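The next block holds one structure in the form of structure tokens; read it before the comments.
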2 protein chains.
Amino acid sequence: MVSIKDIAKKAGVSISTVSYALNGSPKVTEETSSKILAVAKELNYVPNAAARTLKKRETKIIGAFLTDFDGAFYGQLLQGMKEVLNKKGYDLIVCSGSQSHRLLPERTIDGAIVLDASFSSEELLQYADRGHKLVVLDRELDHPNVNQVLLDNKAGATLAMEYLIEEGYRKIYVVTGPQGSFDSNQRLQAAKQTIERNQPLESDERDQSIEYIEIQGNFDKTGGEEAAQQIIKEYTEPVAVFCLNDEMAIGLYNVVKDSSYRIGEHIHVIGFDNMELSQFVQPRLATIDYSKRKWGALASEQLLKLITDEPVEHERIYVTLIKAGSVHPMQSM
Amino acid sequence: MVSIKDIAKKAGVSISTVSYALNGSPKVTEETSSKILAVAKELNYVPNAAARTLKKRETKIIGAFLTDFDGAFYGQLLQGMKEVLNKKGYDLIVCSGSQSHRLLPERTIDGAIVLDASFSSEELLQYADRGHKLVVLDRELDHPNVNQVLLDNKAGATLAMEYLIEEGYRKIYVVTGPQGSFDSNQRLQAAKQTIERNQPLESDERDQSIEYIEIQGNFDKTGGEEAAQQIIKEYTEPVAVFCLNDEMAIGLYNVVKDSSYRIGEHIHVIGFDNMELSQFVQPRLATIDYSKRKWGALASEQLLKLITDEPVEHERIYVTLIKAGSVHPMQSM
DNA sequence: TTGTAGGCGTTATCAG
DNA sequence: CTGATAACGCCTACAA
């Protein structure tokens with residue numbers, strides 16, 4: 001391996017001069033500098049990251065941690081992160097699985113963006129205590145070294161539920177995410193509140209009260225499939241279903257497709273995330289949309305601010321409702 | 001930051017003893033060892049990757065380089081890589097974009113798996129010459145430090161074309177990938193050969209000769225959309241289309257959907273890759289399937305062999321035909 | 001303007 | 001079995 005020592009020898013200067021020249025320091029003559037650069041090129045010199053890191057205590061690498069690589073979901077998010085980071089001279093690496101957590105405490109990366117259930121909040125706080133900078137996208141975490149960029153889950157869930165209610169549905173299922181999920185909990189809570197807010201006053205007997213049924217899901221297709229089975233079994237009249245993410249809605253579609261019921265006719269469905277697939281299923285899935293690219297970009301910006309000790313405040317990503325054929329107005333009664 | 005020096009001081013031993021203990025060397029007493037371990041825990045010691053790497057000249061990290069993060073396509077591939085690597089004590093990081101290429105020559109990673117058009121083959125050969133170990137999934141590259149694990153593109157393209165021909169189509173479009181793409185070229189070449197092999201002898205006038213039309217695509221949805229426009233404009237009778245990947249087939253669907261023609265009735269389509277989306281479009285897309293997980297796993301295995309200087313041979317991933325509603329038998333003439 | 005030297009945190013060789 | 005000590009490749013005062 002060719003090091004600055006080799007360059008120094010070949011160029012007939014000292015290694016410090018080489019280092020200065022390579023780093024564009026004005027302390028070295030134009031002449032010697034260009035000679036050194038030439039020799040470096042000739043020897044195919046590439047600096048050793050480990051040595052530089054050891055000295056400078058930074059790697060210019062940011063890690064994005066995801067629960068799994070499978071999410072057809074993450075492309076734009078990562079793209080948004082990368083664009084911002086690259087512009088600032090940082091590289092993005094994507095990791096998954098608890099084995100890779102070590103990259104943070106071992107200082108292979110300068111900071112992390114976390115959307116990853118394989119991290120416990122305690123673990124993250126430990127890292128933050130050790131001085132590592134973090135941005136979390138999937139939980140609330142209060143620590144000076146941690147910033148959060150969260151979806152506006154409550155607004156989204158409220159929009160979704162109000163849509164179903166406005167369209168006339170009075171029996172509404174909600175299929176949740178896994179137990180500990182922050183996103184699931186927030187969405188669920190807002191959904192419940194929306195139901196309560198829309199419940200008719202006792203005195204007013206003209207309006208039918210809203211029946212609310214919760215089904216435990218998991219944010220995977222399987223969760224939607226199981227929910228579909230239950231819904232079909234219990235079916236008596238047109239119902240609405242709020243799947244707390246699109247993935248489960250797709251699973252639900254798969255099962256309903258093989259039944260005698262139809263999406264958007266008997267079973268009306270809305271999801272959350274607006275993943276790519278959702279626009280291709282038939283009928284198109286109603287859902288809650290937000291800019292994944294912007295989410296990633298903002299997360300990166302916040303992390304860089306944290307790293308450079310600029311002041312930061314928590315950020316929120318806004319969401320919008322996408323109406324579609326999976327939810328048709330209820331027939332007049 | 002707490003280093004082995006701090007541990008040594010607190011435990012009242014020398015730093016070399018600490019190092020031995022931490023690395024489980026048998027050269028140190030059970031007693032001192034456990035004391036040292038205790039102190040390390042107490043101080044929350046985590047080894048510094050840069051220092052270790054500088055000394056040992058390895059990071060135990062493998063990089064997977066992808067053309068972009070967007071591919072709804074890569075999940076299983078990466079999963080396959082990760083499982084194998086983790087089992088052997090390596091971590092996987094995923095990178096994209098030419099800026100991240102530096103991780104290889106700077107020795108932040110011990111090797112790379114490349115499915116990334118942003119690398120030129122010359123660049124890869126340079127790295128190989130410098131001693132870096134590579135596995136390529138998207139090109140042929142002959143170098144002792146490079147192994148290739150390629151799809152059996154020719155078999156796949158042949159299966160696809162024979163399927164269309166057997167179903168009776170005599171006018172067949174092929175929508176290619178971008179100019180330089182190795183996969184596209186291989187598939188295209190095999191498609192042409194299949195046509196030729198199936199062209200009736202001149203003497204035999206009962207069989208109609210096969211008309212073959214090539215459309216330049218790009219492996220993106222846009223390529224399929226443009227192809228669809230051309231095909232619709234030229235439409236006179238039922239035709240078959242071989243999109244050299246599923247992504248373009250989906251783009252083609254989008255345009256045909258808004259026309260008066262129907263997929264699987266007027267325009268018959270087959271893709272390549274069997275991406276997740278392909279099973280959800282209506283009608284389901286016929287395509288060429290292969291195990292992405294196995295592809296990734298094999299690539300990792302080969303790379304590890306390269307790193308440990310075991311002998312390796314190039315590998316091939318086998319493919320199968322998936323028939324589906326996007327290709328219906330041609331009406332009898 | 002250039003060179004000398006010390007140190008970043010580990011590992012590993014060699015004595016004791 | 002344990003302890004000095006010299007690297008690994010680079011950066012950066014400080015000295016010349």
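Side chains are part of it too, since the values below use all heavy atoms of this structure and drop only hydrogens, waters and symmetry mates. So that the names make sense, note that chain A is the first sequence line, chain B the second, and so on, each numbered from 1. Just so you know, these numbers come straight off a predicted model, no measurement behind them.
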Sugar-phosphate, base or nothing in reach of A/S3, heavy atoms under 4.0 Å: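 Answer is sugar-phosphate: A/S3 comes under 4.0 Å of backbone atoms only.
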
Sugar-phosphate only, base, or nothing, as touched by A/T53 at under 4.0 Å among non-hydrogen atoms: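 Nothing, no nucleic acid heavy atom in range.
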
B/K60 with B/D91: basic N within carboxylate O range, under 4.0 Å: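 Salt bridge between B/K60 and B/D91, a charged N being under 4.0 Å from a carboxylate O: no.
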
Lys/Arg N to Asp/Glu carboxylate O, A/E58 vs A/R52, below 4.0 Å: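 Looking at A/E58 and A/R52, the cut-off is not met.
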
Nearest heavy-atom neighbours spanning A/Y127 and A/F119: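 Heavy atoms of A/Y127 and A/F119 come nearest at CE1-CE2, 3.9 Å.
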
Other residues, nucleotides, ligands: >12 heavy atoms within 6.0 Å of B/K10 NZ: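 Counting neighbours around NZ of B/K10, 12 or fewer heavy atoms of other residues, nucleotides or ligands fall under 6.0 Å, so no.
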
Within 6.0 Å of CD in A/Q179, more than 12 heavy atoms from elsewhere: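 No, the 6.0 Å shell around CD holds no more than 12 heavy atoms from other groups.
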
Position toward the 5' end of DNA chain D (nearest nucleotide), B/V13 or B/R57: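 Closest to the 5' end, via its nearest nucleotide, is B/V13.
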
How long is the line joining [atom1] of [X] and [atom2] of [N], in whole Å?
{"X": "B/E58", "N": "C/dA12", "atom1": "CD", "atom2": "C1'", "answer": "14 Å"}
{"X": "A/K60", "N": "D/dC10", "atom1": "NZ", "atom2": "P", "answer": "18 Å"}
{"X": "B/L22", "N": "C/dT10", "atom1": "CG", "atom2": "C1'", "answer": "10 Å"}
{"X": "A/I15", "N": "C/dG6", "atom1": "CD1", "atom2": "P", "answer": "13 Å"}
{"X": "A/R107", "N": "C/dT10", "atom1": "CZ", "atom2": "P", "answer": "11 Å"}
{"X": "A/L54", "N": "D/dC8", "atom1": "CG", "atom2": "P", "answer": "14 Å"}
{"X": "B/K5", "N": "D/dG3", "atom1": "NZ", "atom2": "C1'", "answer": "15 Å"}
{"X": "A/I4", "N": "D/dT12", "atom1": "CD1", "atom2": "P", "answer": "11 Å"}

Select one nucleotide: of [options], the one nearest the side-chain heavy atoms of [X].
{"X": "B/K56", "options": "C/dA12, D/dC11, D/dT12", "result": "C/dA12"}
{"X": "B/S16", "options": "D/dC11, D/dA4, C/dT11", "result": "D/dA4"}
{"X": "A/M1", "options": "D/dT12, D/dG9, C/dG9", "result": "D/dG9"}
{"X": "A/T29", "options": "C/dT4, D/dG3, C/dT1", "result": "C/dT1"}
{"X": "B/K55", "options": "D/dG3, C/dA5, C/dA12", "result": "C/dA12"}
{"X": "A/T17", "options": "D/dC11, C/dT11, C/dG3", "result": "C/dG3"}

Short side-chain N/O contact to C/dC8 OP1/OP2 from B/N48, under 4.0 Å: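 It does not, given that no N or O in the side chain of B/N48 lies less than 4.0 Å from OP1 or OP2 of C/dC8.
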
Comparing B/Y20 and B/A51 on DNA chain C - which has the more 5′ nearest nucleotide: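 Nearer the 5' end of the strand: B/A51.
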
Closest-nucleotide 5' rank along DNA chain C - winner of B/K27 and B/V46: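 Upstream on the strand: B/V46.
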
